[in-house]
Number of protein chains: 2
Amino acid sequence: MSSPDRPLENADQQAQVFERVRKAHQMEATEDYVELIDDLIRTQGEARLVEVAERLGISQPSAGKTISRLQRDGYVTSEPYRSIFLTDKGKQLADSSRERHDIVFKFLLAIGVSEDTAKLDSEGLEHHVSDETLGVFKRLIKQHSERQAKK
Amino acid sequence: MSSPDRPLENADQQAQVFERVRKAHQMEATEDYVELIDDLIRTQGEARLVEVAERLGISQPSAGKTISRLQRDGYVTSEPYRSIFLTDKGKQLADSSRERHDIVFKFLLAIGVSEDTAKLDSEGLEHHVSDETLGVFKRLIKQHSERQAKK
DNA sequence: GCATAAACTTAGCCATGGCTAATTTTTGGA
DNA sequence: TCCAAAAATTAGCCATGGCTAAGTTTATGC
(Lines give C-alpha, C1' and ligand atoms only; values in the text may rest on other atoms or scores of the structure.)
Protein backbone atom coordinates (compact mmCIF):
# COMPACT_ATOMS: atom_id res chain seq x y z
CA MET A 1 0.00 0.00 0.00
CA SER A 2 2.18 2.84 -1.18
CA SER A 3 -0.58 5.41 -1.50
CA PRO A 4 -2.46 5.76 1.75
CA ASP A 5 -6.16 5.07 1.61
CA ARG A 6 -6.87 7.71 4.19
CA PRO A 7 -5.13 10.79 2.84
CA LEU A 8 -3.83 13.38 5.25
CA GLU A 9 -6.81 15.45 6.13
CA ASN A 10 -7.26 18.86 7.57
CA ALA A 11 -5.43 19.18 10.87
CA ASP A 12 -8.47 20.57 12.68
CA GLN A 13 -10.69 17.70 11.64
CA GLN A 14 -8.09 15.18 12.66
CA ALA A 15 -7.69 16.88 16.03
CA GLN A 16 -11.42 16.54 16.58
CA VAL A 17 -11.26 12.82 15.90
CA PHE A 18 -8.56 12.38 18.53
CA GLU A 19 -10.39 14.59 20.97
CA ARG A 20 -13.45 12.40 20.63
CA VAL A 21 -11.36 9.30 21.36
CA ARG A 22 -9.89 10.99 24.46
CA LYS A 23 -13.38 11.82 25.68
CA ALA A 24 -14.57 8.26 25.09
CA HIS A 25 -11.58 7.14 26.96
CA GLN A 26 -12.45 9.15 30.03
CA MET A 27 -15.82 7.42 30.15
CA GLU A 28 -14.46 3.90 29.77
CA ALA A 29 -13.63 3.19 33.38
CA THR A 30 -16.88 4.75 34.53
CA GLU A 31 -18.92 2.59 32.16
CA ASP A 32 -17.07 -0.57 33.06
CA TYR A 33 -17.57 0.03 36.76
CA VAL A 34 -21.28 0.86 36.68
CA GLU A 35 -21.93 -2.06 34.35
CA LEU A 36 -20.09 -4.42 36.66
CA ILE A 37 -21.73 -3.02 39.78
CA ASP A 38 -25.12 -3.44 38.19
CA ASP A 39 -24.30 -7.03 37.23
CA LEU A 40 -23.25 -7.78 40.79
CA ILE A 41 -26.37 -6.25 42.29
CA ARG A 42 -28.53 -8.25 39.90
CA THR A 43 -26.85 -11.56 40.52
CA GLN A 44 -25.51 -11.35 44.05
CA GLY A 45 -27.93 -8.90 45.55
CA GLU A 46 -25.18 -6.41 46.32
CA ALA A 47 -21.90 -5.06 45.04
CA ARG A 48 -18.98 -5.34 47.43
CA LEU A 49 -15.68 -3.65 46.75
CA VAL A 50 -13.78 -6.90 47.16
CA GLU A 51 -15.80 -8.43 44.34
CA VAL A 52 -15.48 -5.42 42.06
CA ALA A 53 -11.73 -5.45 42.53
CA GLU A 54 -11.48 -9.18 41.93
CA ARG A 55 -13.52 -9.08 38.74
CA LEU A 56 -11.57 -6.13 37.36
CA GLY A 57 -8.36 -7.90 38.28
CA ILE A 58 -6.99 -4.97 40.29
CA SER A 59 -6.26 -4.33 43.96
CA GLN A 60 -8.94 -3.28 46.39
CA PRO A 61 -7.42 0.15 47.04
CA SER A 62 -7.29 0.84 43.30
CA ALA A 63 -10.92 -0.09 42.89
CA GLY A 64 -11.79 1.91 45.98
CA LYS A 65 -10.17 5.02 44.61
CA THR A 66 -12.17 4.84 41.40
CA ILE A 67 -15.37 4.15 43.33
CA SER A 68 -14.69 7.37 45.24
CA ARG A 69 -14.41 9.25 42.00
CA LEU A 70 -17.67 7.70 40.79
CA GLN A 71 -19.31 8.79 44.01
CA ARG A 72 -17.91 12.31 43.64
CA ASP A 73 -19.31 12.41 40.09
CA GLY A 74 -22.73 11.14 41.13
CA TYR A 75 -22.77 7.63 39.66
CA VAL A 76 -22.77 5.62 42.89
CA THR A 77 -23.36 6.01 46.58
CA SER A 78 -21.82 4.06 49.40
CA GLU A 79 -21.09 4.55 53.05
CA PRO A 80 -17.81 3.49 54.59
CA TYR A 81 -17.46 -0.28 54.93
CA ARG A 82 -20.79 -0.82 53.16
CA SER A 83 -21.69 -2.07 49.73
CA ILE A 84 -22.03 0.06 46.64
CA PHE A 85 -25.25 1.35 45.10
CA LEU A 86 -25.97 2.96 41.77
CA THR A 87 -27.65 6.35 41.59
CA ASP A 88 -30.27 6.93 38.90
CA LYS A 89 -27.57 8.46 36.78
CA GLY A 90 -25.36 5.43 37.37
CA LYS A 91 -28.17 2.99 36.63
CA GLN A 92 -28.98 4.76 33.38
CA LEU A 93 -25.37 4.62 32.30
CA ALA A 94 -25.16 0.96 33.28
CA ASP A 95 -28.24 0.14 31.23
CA SER A 96 -27.07 1.92 28.13
CA SER A 97 -23.59 0.45 28.49
CA ARG A 98 -24.97 -3.04 28.80
CA GLU A 99 -27.13 -2.52 25.75
CA ARG A 100 -24.16 -1.33 23.70
CA HIS A 101 -22.07 -4.19 24.99
CA ASP A 102 -24.72 -6.75 24.09
CA ILE A 103 -25.21 -5.35 20.62
CA VAL A 104 -21.50 -5.36 19.88
CA PHE A 105 -21.18 -8.87 21.26
CA LYS A 106 -24.09 -10.25 19.25
CA PHE A 107 -22.92 -8.45 16.16
CA LEU A 108 -19.52 -10.09 16.36
CA LEU A 109 -21.18 -13.49 16.76
CA ALA A 110 -23.47 -12.77 13.82
CA ILE A 111 -20.58 -12.08 11.45
CA GLY A 112 -18.85 -15.29 12.48
CA VAL A 113 -16.45 -14.36 15.27
CA SER A 114 -16.03 -17.06 17.92
CA GLU A 115 -17.70 -16.68 21.28
CA ASP A 116 -14.45 -16.32 23.21
CA THR A 117 -13.10 -13.64 20.92
CA ALA A 118 -16.43 -11.85 20.79
CA LYS A 119 -16.38 -11.65 24.56
CA LEU A 120 -12.87 -10.22 24.60
CA ASP A 121 -13.31 -7.80 21.72
CA SER A 122 -16.72 -6.49 22.72
CA GLU A 123 -15.32 -5.31 26.04
CA GLY A 124 -12.78 -3.12 24.27
CA LEU A 125 -14.98 -2.02 21.38
CA GLU A 126 -18.18 -1.08 23.17
CA HIS A 127 -16.89 2.31 24.28
CA HIS A 128 -15.98 3.48 20.80
CA VAL A 129 -19.00 2.63 18.70
CA SER A 130 -21.12 5.60 17.63
CA ASP A 131 -24.90 5.51 17.62
CA GLU A 132 -24.90 5.37 13.86
CA THR A 133 -22.66 2.31 13.75
CA LEU A 134 -24.62 0.71 16.55
CA GLY A 135 -27.74 1.12 14.45
CA VAL A 136 -26.09 -0.66 11.55
CA PHE A 137 -24.98 -3.44 13.90
CA LYS A 138 -28.54 -3.87 15.15
CA ARG A 139 -29.89 -4.09 11.63
CA LEU A 140 -27.37 -6.75 10.69
CA ILE A 141 -28.07 -8.77 13.84
CA LYS A 142 -31.74 -8.75 12.92
CA GLN A 143 -31.03 -9.84 9.35
CA HIS A 144 -28.82 -12.60 10.63
CA SER A 145 -31.40 -13.96 13.06
CA GLU A 146 -34.06 -13.89 10.35
CA ARG A 147 -31.79 -15.82 8.05
CA GLN A 148 -31.23 -18.33 10.86
CA ALA A 149 -34.97 -18.69 11.42
CA LYS A 150 -35.58 -19.51 7.77
CA LYS A 151 -33.27 -22.52 7.87
CA MET B 1 -33.96 -7.17 29.02
CA SER B 2 -34.46 -8.56 32.47
CA SER B 3 -32.24 -11.60 32.09
CA PRO B 4 -28.75 -10.59 31.07
CA ASP B 5 -27.48 -12.06 27.83
CA ARG B 6 -23.97 -12.26 29.18
CA PRO B 7 -24.33 -14.12 32.45
CA LEU B 8 -21.88 -13.42 35.23
CA GLU B 9 -18.87 -15.47 34.43
CA ASN B 10 -15.97 -16.72 36.41
CA ALA B 11 -14.17 -13.85 38.14
CA ASP B 12 -10.76 -14.90 36.84
CA GLN B 13 -11.87 -14.97 33.24
CA GLN B 14 -13.50 -11.62 33.57
CA ALA B 15 -10.36 -10.17 35.13
CA GLN B 16 -8.38 -11.39 32.13
CA VAL B 17 -10.73 -9.59 29.76
CA PHE B 18 -10.21 -6.33 31.61
CA GLU B 19 -6.49 -6.87 31.79
CA ARG B 20 -6.38 -7.26 28.05
CA VAL B 21 -8.25 -4.00 27.60
CA ARG B 22 -5.82 -2.24 29.92
CA LYS B 23 -2.90 -3.57 27.91
CA ALA B 24 -4.48 -2.48 24.64
CA HIS B 25 -4.98 0.84 26.22
CA GLN B 26 -1.33 1.27 27.03
CA MET B 27 -0.51 0.79 23.36
CA GLU B 28 -3.10 3.21 22.03
CA ALA B 29 -1.12 6.42 22.33
CA THR B 30 1.97 4.72 20.96
CA GLU B 31 0.12 3.45 17.91
CA ASP B 32 -1.58 6.76 17.24
CA TYR B 33 1.71 8.61 17.42
CA VAL B 34 3.75 6.32 15.17
CA GLU B 35 0.92 6.15 12.67
CA LEU B 36 0.68 9.93 12.58
CA ILE B 37 4.44 10.41 12.40
CA ASP B 38 4.61 7.98 9.51
CA ASP B 39 1.81 9.83 7.73
CA LEU B 40 3.63 13.12 8.16
CA ILE B 41 6.92 11.74 6.89
CA ARG B 42 5.18 10.30 3.85
CA THR B 43 3.28 13.42 2.93
CA GLN B 44 5.41 16.29 4.22
CA GLY B 45 8.81 14.69 4.09
CA GLU B 46 9.31 15.08 7.83
CA ALA B 47 7.48 14.99 11.15
CA ARG B 48 7.79 18.13 13.24
CA LEU B 49 6.59 18.25 16.81
CA VAL B 50 4.48 21.32 16.10
CA GLU B 51 2.55 19.37 13.45
CA VAL B 52 2.13 16.27 15.58
CA ALA B 53 0.72 18.38 18.41
CA GLU B 54 -1.60 20.28 16.11
CA ARG B 55 -3.01 17.14 14.52
CA LEU B 56 -3.53 15.45 17.86
CA GLY B 57 -5.16 18.62 19.14
CA ILE B 58 -2.89 18.88 22.18
CA SER B 59 -0.18 21.28 23.29
CA GLN B 60 3.39 21.01 22.09
CA PRO B 61 4.80 20.16 25.53
CA SER B 62 2.27 17.35 25.92
CA ALA B 63 3.18 15.89 22.56
CA GLY B 64 6.85 16.36 23.36
CA LYS B 65 6.57 14.42 26.56
CA THR B 66 5.00 11.45 24.83
CA ILE B 67 7.59 11.61 22.05
CA SER B 68 10.24 11.33 24.77
CA ARG B 69 8.58 8.24 26.08
CA LEU B 70 8.42 6.78 22.56
CA GLN B 71 12.12 7.49 22.19
CA ARG B 72 12.86 5.87 25.54
CA ASP B 73 10.92 2.81 24.41
CA GLY B 74 12.65 2.61 21.04
CA TYR B 75 9.92 3.64 18.65
CA VAL B 76 11.37 6.94 17.45
CA THR B 77 14.59 8.91 17.42
CA SER B 78 15.06 12.63 17.40
CA GLU B 79 17.69 15.12 18.41
CA PRO B 80 16.81 18.29 20.24
CA TYR B 81 15.10 20.86 18.05
CA ARG B 82 15.08 18.46 15.11
CA SER B 83 12.34 16.46 13.46
CA ILE B 84 11.19 13.00 14.48
CA PHE B 85 12.13 9.72 12.84
CA LEU B 86 10.73 6.23 13.25
CA THR B 87 12.99 3.35 14.21
CA ASP B 88 12.47 -0.01 12.51
CA LYS B 89 10.36 -1.02 15.46
CA GLY B 90 8.35 2.18 15.14
CA LYS B 91 7.92 1.77 11.40
CA GLN B 92 6.70 -1.78 11.84
CA LEU B 93 4.15 -0.71 14.41
CA ALA B 94 3.04 2.18 12.19
CA ASP B 95 2.55 -0.18 9.26
CA SER B 96 0.52 -2.72 11.19
CA SER B 97 -1.50 0.04 12.85
CA ARG B 98 -2.30 1.61 9.53
CA GLU B 99 -3.34 -1.73 8.12
CA ARG B 100 -5.67 -2.38 11.05
CA HIS B 101 -7.03 1.11 10.78
CA ASP B 102 -7.70 0.75 7.06
CA ILE B 103 -9.41 -2.59 7.49
CA VAL B 104 -11.68 -1.31 10.23
CA PHE B 105 -12.46 1.80 8.20
CA LYS B 106 -13.28 -0.13 5.03
CA PHE B 107 -15.29 -2.66 6.95
CA LEU B 108 -17.48 0.05 8.44
CA LEU B 109 -18.03 1.50 4.97
CA ALA B 110 -18.83 -1.96 3.61
CA ILE B 111 -21.61 -2.56 6.12
CA GLY B 112 -23.16 0.81 5.37
CA VAL B 113 -21.73 3.26 7.89
CA SER B 114 -21.24 6.78 6.52
CA GLU B 115 -17.78 7.99 5.64
CA ASP B 116 -17.66 10.60 8.40
CA THR B 117 -18.72 8.17 11.09
CA ALA B 118 -16.42 5.47 9.77
CA LYS B 119 -13.53 7.87 10.08
CA LEU B 120 -14.44 8.75 13.67
CA ASP B 121 -15.22 5.22 14.82
CA SER B 122 -12.28 3.51 13.17
CA GLU B 123 -9.88 5.69 15.14
CA GLY B 124 -11.34 4.45 18.42
CA LEU B 125 -11.97 0.86 17.37
CA GLU B 126 -8.69 -0.03 15.67
CA HIS B 127 -6.86 -0.63 18.93
CA HIS B 128 -9.32 -3.19 20.25
CA VAL B 129 -9.90 -5.53 17.33
CA SER B 130 -8.31 -8.96 17.67
CA ASP B 131 -6.64 -10.71 14.78
CA GLU B 132 -9.52 -13.13 14.53
CA THR B 133 -12.08 -10.36 14.20
CA LEU B 134 -9.83 -8.51 11.78
CA GLY B 135 -9.79 -11.63 9.62
CA VAL B 136 -13.56 -11.73 9.56
CA PHE B 137 -13.64 -8.03 8.66
CA LYS B 138 -11.26 -8.65 5.76
CA ARG B 139 -13.39 -11.49 4.46
CA LEU B 140 -16.52 -9.38 4.55
CA ILE B 141 -14.80 -6.45 2.83
CA LYS B 142 -13.80 -8.81 0.04
CA GLN B 143 -17.31 -10.22 -0.28
CA HIS B 144 -18.69 -6.73 -0.40
CA SER B 145 -16.33 -5.56 -3.13
CA GLU B 146 -17.11 -8.65 -5.18
CA ARG B 147 -20.80 -7.96 -4.84
CA GLN B 148 -20.15 -4.39 -5.96
CA ALA B 149 -18.21 -5.59 -9.00
CA LYS B 150 -21.05 -7.81 -10.13
CA LYS B 151 -23.48 -4.89 -10.33
C1' DG C 1 -18.68 -12.57 73.65
C1' DC C 2 -14.35 -12.48 71.91
C1' DA C 3 -10.62 -13.53 68.84
C1' DT C 4 -9.49 -13.88 64.29
C1' DA C 5 -10.33 -13.31 59.55
C1' DA C 6 -12.16 -10.66 55.97
C1' DA C 7 -13.27 -6.26 54.11
C1' DC C 8 -12.29 -1.72 53.74
C1' DT C 9 -9.66 2.62 54.23
C1' DT C 10 -5.61 5.50 54.53
C1' DA C 11 -1.15 6.93 53.24
C1' DG C 12 2.12 7.23 50.04
C1' DC C 13 4.43 5.64 45.96
C1' DC C 14 4.70 5.53 40.56
C1' DA C 15 3.72 6.35 35.32
C1' DT C 16 0.90 8.46 31.91
C1' DG C 17 -0.79 12.24 29.62
C1' DG C 18 -3.05 16.53 29.84
C1' DC C 19 -2.00 21.85 30.87
C1' DT C 20 0.48 26.84 31.24
C1' DA C 21 4.37 29.86 31.66
C1' DA C 22 8.90 30.84 30.75
C1' DT C 23 13.14 29.96 28.39
C1' DT C 24 16.14 28.52 24.65
C1' DT C 25 17.21 27.45 19.97
C1' DT C 26 16.49 27.69 15.20
C1' DT C 27 14.88 29.86 11.13
C1' DG C 28 13.67 33.28 7.86
C1' DG C 29 13.01 37.87 6.17
C1' DA C 30 14.18 42.84 5.89
C1' DT D 1 23.62 40.26 9.31
C1' DC D 2 20.69 40.44 12.76
C1' DC D 3 16.25 40.50 14.78
C1' DA D 4 11.74 38.72 15.29
C1' DA D 5 8.87 34.85 14.91
C1' DA D 6 8.39 30.06 15.14
C1' DA D 7 9.63 25.77 17.15
C1' DA D 8 11.16 23.20 20.84
C1' DT D 9 12.38 22.53 25.61
C1' DT D 10 12.13 22.94 30.61
C1' DA D 11 9.81 23.38 34.87
C1' DG D 12 6.04 22.63 37.43
C1' DC D 13 1.16 21.92 37.95
C1' DC D 14 -3.07 18.55 37.90
C1' DA D 15 -6.14 14.13 37.48
C1' DT D 16 -6.39 9.29 36.64
C1' DG D 17 -5.53 4.80 37.78
C1' DG D 18 -2.29 1.39 38.95
C1' DC D 19 0.52 -0.50 43.27
C1' DT D 20 2.04 -1.96 48.43
C1' DA D 21 2.01 -1.58 53.36
C1' DA D 22 -0.26 -0.64 57.37
C1' DG D 23 -4.22 0.44 60.11
C1' DT D 24 -9.29 0.26 61.11
C1' DT D 25 -13.83 -1.64 61.02
C1' DT D 26 -16.99 -5.32 60.39
C1' DA D 27 -18.29 -10.07 60.28
C1' DT D 28 -17.75 -14.83 61.65
C1' DG D 29 -17.16 -18.87 64.10
C1' DC D 30 -15.85 -21.13 68.25
Side-chain angles (χ1 to χ4, degrees), chain A residues 11 15-37 40 44-85 123-124 127, chain B residues 11 15-37 40 44-85 123-124 127:
Chain A
Q16 278 172 21
V17 173
F18 285 115
E19 200 199 331
R20 180 167 167 279
V21 176
R22 283 195 298 273
K23 287 254 173 71
H25 193 267
Q26 286 187 331
M27 285 305 293
E28 278 184 38
T30 303
E31 290 174 6
D32 287 342
Y33 273 75
V34 295
E35 208 180 326
L36 176 55
I37 290 165
L40 291 173
Q44 332 251 287
E46 63 173 354
R48 303 296 315 204
L49 183 58
V50 62
E51 183 86 8
V52 171
E54 193 192 348
R55 290 191 168 270
L56 292 173
I58 62 179
S59 70
Q60 257 182 68
S62 297
K65 203 196 278 190
T66 298
I67 297 287
S68 296
R69 179 175 66 71
L70 296 188
Q71 187 156 20
R72 183 199 67 194
D73 295 345
Y75 294 100
V76 308
T77 58
S78 99
E79 325 236 313
Y81 299 97
R82 289 283 133 72
S83 66
I84 304 150
F85 301 92
E123 184 58 56
H127 310 287
Chain B
Q16 278 172 21
V17 173
F18 285 115
E19 200 200 329
R20 181 168 167 280
V21 176
R22 283 194 298 274
K23 286 255 175 70
H25 192 267
Q26 285 187 333
M27 285 306 292
E28 278 185 37
T30 303
E31 289 174 7
D32 287 342
Y33 273 75
V34 295
E35 208 180 326
L36 176 54
I37 290 164
L40 290 173
Q44 334 249 288
E46 64 173 355
R48 304 295 316 203
L49 181 58
V50 62
E51 183 86 7
V52 171
E54 192 191 348
R55 290 190 170 270
L56 292 172
I58 62 180
S59 70
Q60 259 183 66
S62 297
K65 204 195 280 190
T66 298
I67 296 287
S68 295
R69 179 176 65 72
L70 296 188
Q71 186 157 22
R72 182 199 68 195
D73 296 344
Y75 294 101
V76 307
T77 58
S78 96
E79 325 236 313
Y81 299 98
R82 289 283 132 73
S83 67
I84 305 149
F85 301 92
E123 184 60 54
H127 309 286

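In what follows, every chain begins at residue 1, and chains take the letters A, B, ... in the order their sequences are listed. Not measured: the values here are computed from a predicted model.
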For [X] and [N], give me the distance from atom [atom1] to atom [atom2], rounded to whole Å.
X	N	atom1	atom2	result
B:Ile67	D:dT9	CD1	C1'	13 Å
B:Glu46	D:dA7	CD	P	11 Å
A:Glu79	C:dT9	CD	P	11 Å
A:Arg20	C:dG18	CZ	P	17 Å
A:Glu54	D:dG18	CD	P	16 Å
A:Met27	D:dA15	CE	P	19 Å
A:Leu56	D:dT16	CG	P	17 Å
A:Tyr81	C:dC8	OH	P	10 Å

Can you name the closest pair of heavy atoms from [X] and [Y] and give their distance?
X	Y	value
B:Leu49	B:Ala63	CD1-CB, 3.7 Å
A:Ser78	A:Ser83	CB-O, 3.4 Å
B:Arg48	B:Ile84	C-CD1, 4.3 Å

Worksheet item: If you find the nucleotide of DNA chain C closest to B:Asp73 and the one closest to A:Gly64, which residue's nucleotide is nearer the 5' end?
Response: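 Its nearest nucleotide lies further toward 5', so the answer is A:Gly64.
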Worksheet item: Which comes earlier along DNA chain D counting from the 5' end, the contact point of A:Pro80 or that of A:Arg69, where each point is its nearest nucleotide?
Response: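 Residue closer to the 5' terminus by nearest nucleotide: A:Arg69.
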Of the options [options], whose atoms approach the side-chain atoms of [X] most closely?
X	options	answer
B:Ser62	C:dT26, D:dC19, C:dC19	C:dC19
B:Lys65	D:dG12, D:dG18, D:dT26	D:dG12
B:Ile58	C:dG17, C:dA7, C:dG18	C:dG18
A:Tyr33	D:dG18, C:dT20, D:dT9	D:dG18
B:Leu49	C:dG17, D:dA8, D:dT16	D:dA8
A:Val50	D:dG17, C:dG17, C:dC8	C:dC8

Discussion item. Can you tell me how far apart CG (B:Leu56) and CD (A:Glu19) are? Round to the nearest 0.5 Å.
Written reply: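 Separation between the atoms: 12.0 Å.
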Worksheet item: Would you say A:Glu28's side chain and A:His127's backbone share a donor-acceptor pair under 3.5 angstrom?
Response: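 Here the side-chain-to-backbone pair does not exist.
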Discussion item. Less than 4.0 angstrom between a side-chain N/O of B:Arg48 and OP1 or OP2 of D:dA8, yes or no?
Written reply: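 For D:dA8, OP1/OP2 do have a side-chain N/O of B:Arg48 under 4.0 Å.
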Worksheet item: Do any side-chain nitrogens or oxygens of B:Arg72 fall under 4.0 Å of OP1 or OP2 in C:dT16?
Response: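 B:Arg72 to C:dT16 OP1/OP2: side-chain N or O found under 4.0 Å.
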Discussion item. Once you apply a heavy-atom cut-off of 4.0 Å, does B:Pro61 come out as touching a base, just sugar-phosphate, or nothing?
Written reply: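 Since a base atom lies under 4.0 Å of B:Pro61, the category is base.
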